[in-house]
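These values consider heavy atoms only, across backbone and side chains, with no hydrogens, waters or symmetry-generated copies.
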Amino acid sequence: MELDNFKERLCRYKRTDIIFTTHAEIRALGRGIDLEEVKSNILNPTRLVWIEQQKANKPKEEKYGCYFSYSKTYCHKYVLTLNGKVIIITIISINRDWQRMVKR
């Protein structure tokens, strides 16, 4: 899927459509990432620079790894599914040259 189309899709969701799994909440807390910041990144995806589609576990579900850039060496990666809602599965903080990592 093209990045711009994906951003447009994310913008259609409402704040109440974003659901965090318990795992994602624990990971965010442990990594010092504010859940409101995650919601803002989803609803206003200007920092979204890369997506990778992953294999979904359920039919009619789409799963993506999404990279939100803060600098050349710092980004957040959210693994999420779309199926009428945005379900955040996990949240990862990357503190290295993540650009080379996604190009592989």
**Student:** Out of curiosity, does Leu43 fall in the hydrophobic cluster containing Leu35 (side-chain heavy atoms, cut-off under 4.5 Å, transitive links)?
**Tutor:** yes
**Student:** For Lys55 and Lys63, which heavy atoms make the closest approach, and how far apart are they?
**Tutor:** O-CD, 3.5 Å
**Student:** Flag yes if Ile42 and Ile33 sit in one hydrophobic cluster, no otherwise; membership is Ile, Leu, Val, Met, Phe, Trp, Tyr, and two members link when side-chain heavy atoms are under 4.5 Å apart.
**Tutor:** yes
**Student:** For the atom pair CD1 (Ile18) and OH (Tyr13), what is the distance rounded to the nearest 0.5 Å?
**Tutor:** 10.0 Å
**Student:** May I ask you to say whether Glu37 pairs ionically with Arg47, meaning some side-chain N is under 4.0 Å from a carboxylate O?
**Tutor:** no
**Student:** How long is the straight-line distance from CG of Asn83 back to CD of Glu62, given to the nearest 0.5 Å?
**Tutor:** 9.0 Å
**Student:** Which heavy atom in Ile51 sits nearest to a heavy atom in Cys66, and how many Å separate them?
**Tutor:** CG2-SG, 4.0 Å
**Student:** To the closest 0.5 Å, what do you measure between CG (Asp34) and NZ (Lys39)?
**Tutor:** 10.0 Å
**Student:** Begin with the C-alpha distance, continue with both residues' side-chain angles, and end with the deciding distance and a verdict on side-chain hydrogen bond (donor to acceptor under 3.5 Å, both in side chains) for His76 and Ser93.
**Tutor:** CA-CA 5 Å; His76 290 175; Ser93 175; 4.9 Å; no
**Student:** Would you mind reporting whether Thr21 and Ile88 have side-chain heavy atoms less than 4.5 Å apart?
**Tutor:** no
**Student:** Mind checking the CD1-CG spacing from Ile87 to Leu80? Nearest 0.5 Å is all I need.
**Tutor:** 9.5 Å
**Student:** Heavy atoms only: give me the nearest Ala28-Ile91 pair and the separation to one decimal.
**Tutor:** CB-CD1, 3.8 Å
**Student:** Grab the two heavy atoms, one from Val49 and one from Leu3, that are nearest each other, plus how far apart they are.
**Tutor:** O-CD2, 3.6 Å
**Student:** Which pairs, with at least one residue in residues 75-85 and sequence neighbours excluded, count as a salt bridge (Lys or Arg N to Asp or Glu O under 4.0 Å)?
**Tutor:** Asp17-Lys85, Glu52-Lys77
**Student:** side-chain contact (heavy atoms from CB on, under 4.5 Å) between Cys75 and Phe68: does it pass, once the steps are laid out?
**Tutor:** CA-CA 5 Å; Cys75 77; Phe68 292 83; 5.8 Å; no
**Student:** Check whether any side-chain heavy atom of Leu82 lies under 4.5 Å from a side-chain heavy atom of Glu61, and answer yes or no.
**Tutor:** no
**Student:** State, yes or no, whether a side-chain contact exists between Asn41 and Tyr78 at a heavy-atom distance under 4.5 Å.
**Tutor:** yes
**Student:** How long is the gap from CD on Glu2 to CD on Glu8, to the nearest 0.5 Å?
**Tutor:** 8.5 Å
**Student:** Whether the Asn95 and Tyr70 side chains hold a donor-acceptor pair (N or O, under 3.5 Å, no angle test) is what I'd like checked.
**Tutor:** no
**Student:** Closest approach of Leu10 and Pro45, non-hydrogen atoms and distance?
**Tutor:** CD1-CB, 4.2 Å
**Student:** Find out whether Arg27 and Ile92 are in side-chain contact, i.e. whether some heavy atom of one side chain is under 4.5 Å from a heavy atom of the other.
**Tutor:** no
**Student:** Which heavy atom of Phe20 sits nearest a heavy atom of Val38, and at what distance?
**Tutor:** CE2-CG1, 3.6 Å
**Student:** Could you measure the distance from the CD1 atom of Ile89 to the CD atom of Gln54? Nearest 0.5 Å is fine.
**Tutor:** 7.5 Å
